[in-house]
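Side-chain atoms are counted along with the backbone in the values below, which use heavy atoms only and exclude waters and symmetry mates. Start at 1 and go down the list; that is how both ligands and their atoms are numbered.
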Amino acid sequence: MWENGVLSEKLAALKGKMEEELGALANSRELYEFKNVYLEGKKSRISELMKEMRSLAPEERAGFGKSVNELKEWAFGRFQAMEEKMKRLELERRYEREKIDLSIPAAPARIGNLHPVTLVINQLVDIFSGMGFEIYEGREIETDYYNFTALNTPADHPARDMQDTFYLSPEFLLRTQTSAGQIHVMEKKKPPIKILSPGRVFRSDDDATHSPMFGQMEGLVVDRGITLGDLKGMLDVFVQKVYGEGTTTRLRPSYFPFTEPSVEVDCSCFACGGTGCSLCKGTGWIEILGAGVVNKKVLENCGIDSEEYSGFAFGIGLERTAMLKYGINNIKLLFGSDLRVLGQINEK
Ligand code: DAH
């Protein structure tokens, strides 16, 4: 037994204080804070109380130590019980906070679709790569040489008036045709050549069927013995894949400086089957692309022997193809990003 009025009071006061604080704890953070202050380490209130032992007579010390240890055990017991309770409570609160109502209907998922021009590019690339064409990506800023001169259209050539050009300087321009890519390819690669070159082209032209920026796809085949017959055979396969089986082509004489002979290619109207309707303006035919046998001068400009080699080339308007294929009557609809329009054309 020990008898010390001051220490008994201190012990009772500490217990009272702990009791009070335990009762007021709001969360586990405060609980651990409590443990830290009262129970843990040499600086805790319990340890501080234990140090008072020094002021007691030797025979009283064991009794005092026992009382402090009992207080400590009691406090630990309370702490553990509180810890369990807090954890349970906090978990319950968290469940409440994170509760998901699985019966609420989901917001409708809006799935986009590919742009009609992208669909056309994908389809053309697919068809022509199936025939062994490789893709060549040209450049949008070209020199006058690649866009015109090397394509047999020198500075004073009247055919330059066929295309209203955006010049950046006397030498540089925004390409008016993907045909410029033909020259780059033929300068670098010797026959056999079989390339497809999709890309943007630019012309100062703006109405319901023309836009200052539009897409083209150029095709070029150069090898020994290539003729207009090869072009026609390839085009027949092409139109059947794009516009449906039974579609045929016809070639009309035309003029492009870089081809000789040059042709305008029509396909039989896929809307009426050739009997005449509003799409084909009663003619039964629809113009789809320009083409021709590569002009010998163009081959020579690229260092290809025109006695040994020959080729054909064609240029397809991508927006025009999309408009025909999907029944779109104004090119601006393809640049407007209006989802009511674009959402209607939905194929893979
Ligand atoms: N470059 C021509 C244009 O933009 C289209 C064209 C016609 C390309 C005939 C060709 C071709 O390769 O042989 O109007």
Side-chain angles (χ1 to χ4, degrees), residues 120 124 128 131 133-140 142 144-154 157-166 173-187 193-206 209-223 226-235 238 249-267 287-299 301-302 304 306 309-321 324 331:
V120 165
L124 298 193
F128 284 107
M131 297 185 201
F133 283 73
E134 284 173 51
I135 305 294
Y136 166 79
E137 298 230 24
R139 51 202 81 175
E140 291 176 2
E142 270 297 357
D144 184 274
Y145 176 77
Y146 284 95
N147 196 80
F148 287 125
T149 310
L151 286 162
N152 193 34
T153 322
H157 199 289
R160 286 210 181 193
D161 294 344
M162 289 161 81
Q163 302 173 359
D164 287 320
T165 310
F166 290 113
L173 46 79
L174 296 181
R175 69 173 169 195
T176 60
Q177 48 189 354
T178 45
S179 308
Q182 289 187 26
I183 306 299
H184 287 288
V185 171
M186 286 192 283
E187 276 181 352
I193 291 170
K194 213 170 177 187
I195 58 108
L196 194 67
S197 185
R200 290 192 185 93
V201 299
F202 307 85
R203 289 180 201 179
S204 177
D205 210 352
D206 203 5
T209 51
H210 296 90
S211 152
M213 187 280 287
F214 61 102
Q216 276 191 339
M217 192 164 309
E218 192 81 9
L220 173 70
V221 174
V222 183
D223 204 349
I226 298 289
T227 69
L228 202 61
D230 296 308
L231 172 71
K232 168 97 169 116
M234 186 213 69
L235 288 171
F238 164 68
T249 59
R250 82 174 175 187
L251 308 184
R252 275 182 297 111
S254 183
Y255 175 76
F256 300 102
F258 35 88
T259 42
E260 180 58 41
S262 302
V263 293
E264 209 72 68
V265 180
D266 297 341
C267 74
E287 187 183 315
I288 52 165
L289 56 90
V293 171
V294 180
N295 194 312
K296 280 172 181 279
K297 285 191 190 154
V298 175
L299 294 177
N301 284 343
C302 302
I304 293 177
S306 61
Y309 294 105
S310 58
F312 67 72
F314 55 92
I316 309 171
L318 297 178
E319 284 76 11
R320 179 167 166 75
T321 308
L324 288 171
I331 194 168

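Relative orientation of the Phe133 and Phe128 rings is perpendicular, given thresholds of 30° and 60° on the angle between their planes. Using cut-offs of 30° and 60° for the angle between ring planes, the His184 and Tyr146 rings count as parallel.
We find the CZ-CD1 distance between Phe148 and Ile183 to be 12.5 Å, quoted to the nearest 0.5 Å.
In summary, the atoms of ligand 1 found under 4.0 Å from a heavy atom of Gln182, numbered by their order in the structure, are 12 (O). Short contacts between ligand 1 and Thr259, defined as distances under 4.0 Å to a heavy atom of the residue, involve ligand atoms 13 (O). Listed by atom number, the atoms of ligand 1 under 4.0 Å from Gly292 heavy atoms are 13 (O). Those atoms of ligand 1 that come under 4.0 Å of a heavy atom in Phe256, given as number and element, are 7 (C), 9 (C).
Phe312 does not count as a contact of ligand 1, since none of its heavy atoms falls under 4.0 Å from the ligand.
You'll find the side chain of Ile193 stays beyond 4.5 Å of the side chain of Tyr309, heavy atoms only. The shortest distance between side-chain heavy atoms of Ile316 and Ile288 does not fall below 4.5 Å. Residues Arg320 and Glu287 meet the side-chain proximity criterion, which asks for heavy atoms closer than 4.5 Å.
Of all the heavy atoms of Phe314, the ones lying under 4.0 Å from any atom of ligand 1 belong exclusively to the backbone. When heavy-atom distances to ligand 1 are checked against a 4.0 Å cut-off, Ser179 comes that close only through its side chain, counted from C-beta outward. Only the side chain of Arg203 comes within 4.0 Å of ligand 1, counting heavy atoms alone; its backbone N, CA, C and O stay farther away.
For ligand 1, the polar-atom distance check against Thr176 finds no nitrogen or oxygen pair separated by under 3.5 Å.
Selection from Ala313, Gly219, Ser197, Pro257 by nearest heavy atom to atom 13 (O) of ligand 1 gives Ala313. One option in Glu218, Gln177, Glu260, Glu264 has a heavy atom closer to atom 12 (O) of ligand 1 than any other, and that option is Glu218.
Nearest protein heavy-atom neighbour of atom 5 (C) of ligand 1: Gly315 CA, 4.2 Å. Distance from atom 11 (C) of ligand 1 to its nearest protein heavy atom, with residue and atom name: Phe258 CE1, 3.5 Å.
Put simply, the side chain of Lys194 never gets that close to the backbone of Asp223: no donor and acceptor are under 3.5 Å apart.
In plain terms, the two heavy atoms of Asn301 and Asn152 that are nearest each other are ND2-N, 4.4 Å.
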### Task
Dump the intermediate steps for side-chain hydrogen bond (donor to acceptor under 3.5 Å, both in side chains) on Glu218 and Gln182, then the final yes or no.
CA-CA 8 Å; Glu218 192 81 9; Gln182 289 187 26; 2.7 Å; yes
